[in-house]
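What follows is one structure encoded as structure tokens, with my remarks underneath.
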Amino acid sequence: MINPYQGSRNKSLSPDDITHTFSLLGVYDFPFGAGRRWLNGPGLLNGIAGGWTLSTSIKLVSGMPLYFRDSTVCGVPSQFQAQCIPALVPGVNVLTQSYDSLDVNRPAYSAAAFEASSLFANGTYLGQGPRVTGIRGSPYRDTNLALSKTVVIKERLNIQIRAEAFNIFNNHYFTCDGTFGDCIPFNNDPSSNSFGTWNGTVSQPRNLQLVGRLTF
């Protein structure tokens, strides 16, 4: 609850609201090797080129909504359990940069997009802003690939060779804890001198690994 005296303002988007999510899992068996269309007979070429499988997982997620609080100058006594939430100024863009080419040395948000922080200093004003805005954070894109092959050594002895690439396009996203979730990795206090500056972490970079698994 943000304000026990104005219950209607507590109704808003959830801070972890995701408007769109797309997930795809795919597996493709290359048509080479035993039991497949080509190279299905014995031989060295079948042993090298046959039996490979390509698998992928793709996840596309739209950005989560942002929320803002004038915590630095909020003069409301803590006993009231209320927060100072500035209203958005009509016609002024909150975002100062595009998420596709964001410079962490410059603020991501504009303080001019919110009502003046000085209004909250006397402890009697709670602001007219929404609990959670319709302004969205960065979207999330993740693509993983794996190439695998199982080699039969003898009747009950197999070895699987697997090459994996996580976040193959090496996309980076600003987060709070290294993962994409309900968080705002930029200072979201319009009354702060560092408003809009990056104070979080980034998501995991591309990760490549080669795996061998012996089954008996």
Side-chain angles (χ1 to χ4, degrees), residues 13-66 95-105 108 132-186 198-216:
L13 287 171
S14 169
D16 59 359
D17 174 78
I18 297 176
T19 305
H20 302 103
T21 298
F22 174 82
S23 297
L24 174 67
L25 298 175
V27 177
Y28 177 72
D29 292 330
F30 288 100
F32 308 105
R36 302 183 184 184
R37 184 171 183 179
W38 293 297
L39 299 178
N40 54 13
L44 179 62
L45 188 58
N46 173 27
I48 296 174
W52 290 98
T53 296
L54 179 69
S55 57
T56 183
S57 65
I58 300 172
K59 187 171 186 178
L60 312 177
V61 179
S62 59
M64 296 181 182
L66 304 177
L95 302 178
T96 61
Q97 303 183 58
S98 168
Y99 289 120
D100 294 330
S101 57
L102 195 145
D103 181 359
V104 296
N105 296 310
V132 179
T133 73
I135 309 300
R136 295 276 171 172
S138 171
Y140 177 77
R141 308 285 184 265
D142 184 50
T143 303
N144 307 307
L145 285 178
L147 183 65
S148 62
K149 172 186 174 69
T150 299
V151 179
V152 179
I153 299 176
K154 59 181 184 179
E155 184 178 357
R156 294 187 178 182
L157 184 61
N158 301 328
I159 184 170
Q160 184 186 70
I161 303 169
R162 187 177 182 90
E164 298 175 320
F166 301 98
N167 187 17
I168 191 170
F169 296 117
N170 202 32
N171 293 323
H172 297 279
Y173 303 98
F174 298 104
T175 69
C176 298
D177 54 8
T179 59
F180 183 75
D182 171 22
C183 71
I184 299 180
F186 298 86
W198 177 46
N199 58 10
T201 61
V202 292
S203 56
Q204 297 296 319
R206 181 191 297 118
N207 183 15
L208 305 177
Q209 66 181 30
L210 183 63
V211 178
R213 186 175 69 178
L214 191 65
T215 305
F216 55 91

Could you please spell out the steps behind the side-chain contact (heavy atoms from CB on, under 4.5 Å) verdict for Val211 and Glu164?
CA-CA 8 Å; Val211 178; Glu164 298 175 320; 4.0 Å; yes
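- To the nearest 0.5 Å, atoms CH2 (Trp52) and CG (Asp29) are separated by 13.0 Å.
- Checked by atom type, the side-chain pair Asn158/Thr215 shows no donor-acceptor distance below 3.5 Å.
- Atom-to-atom distance recorded for Phe30:CZ and Leu147:CG is 6.0 Å, nearest 0.5 angstrom.
- Note: Arg206 CZ to Ile168 CD1 = 7.0 Å, rounded to the nearest 0.5 Å.
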List the steps, then state whether side-chain contact (heavy atoms from CB on, under 4.5 Å) holds for Asn167 with Asn207.
CA-CA 7 Å; Asn167 187 17; Asn207 183 15; over 6 Å; no
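- By the 4.5 Å heavy-atom criterion applied to side chains, Leu157 and Leu214 are counted as neighbours.
- A distance of 9.0 Å separates OG in Ser101 from CG in Asp103, rounded to the nearest 0.5 Å.
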Going through the checks in order, is the side-chain contact (heavy atoms from CB on, under 4.5 Å) test met by Thr56 and Ile58?
CA-CA 7 Å; Thr56 183; Ile58 300 172; 4.0 Å; yes
Evaluation steps, side-chain contact (heavy atoms from CB on, under 4.5 Å), between Arg156 and Phe216:
CA-CA 5 Å; Arg156 294 187 178 182; Phe216 55 91; 5.7 Å; no
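- Rounding to the nearest 0.5 Å gives a distance of 10.5 Å between CG of Asp142 and CZ of Phe169.
- Proximity of a side-chain donor or acceptor of Ser203 to a complementary backbone N or O of Tyr173 within less than 3.5 Å is detected.
- Judged purely by atom type and a 3.5 angstrom limit, Arg141 uses its side chain to pair as donor or acceptor with the backbone of Val61.
- The aromatic rings of Phe186 and Phe174 sit perpendicular to each other, their planes meeting at more than 60°, with 30° as the lower class boundary.
- Side chains of Pro205 and Asn170 form a contact here, defined as non-hydrogen atoms less than 4.5 Å apart.
- Just one of Leu95, Thr19, Leu66 meets the side chain to side chain contact (heavy atoms under 4.5 Å, CB included) condition when paired with Arg136; it is Thr19.
- The closest side-chain heavy-atom distance from Ser55 to Arg162 is below 4.5 Å.
- Nearest heavy-atom pair across Val132 and Pro65 is CG1-CB, 3.6 Å.
- Atom OG of Ser57 is separated from atom CG of Leu145 by 8.0 Å, given to the nearest 0.5 angstrom.
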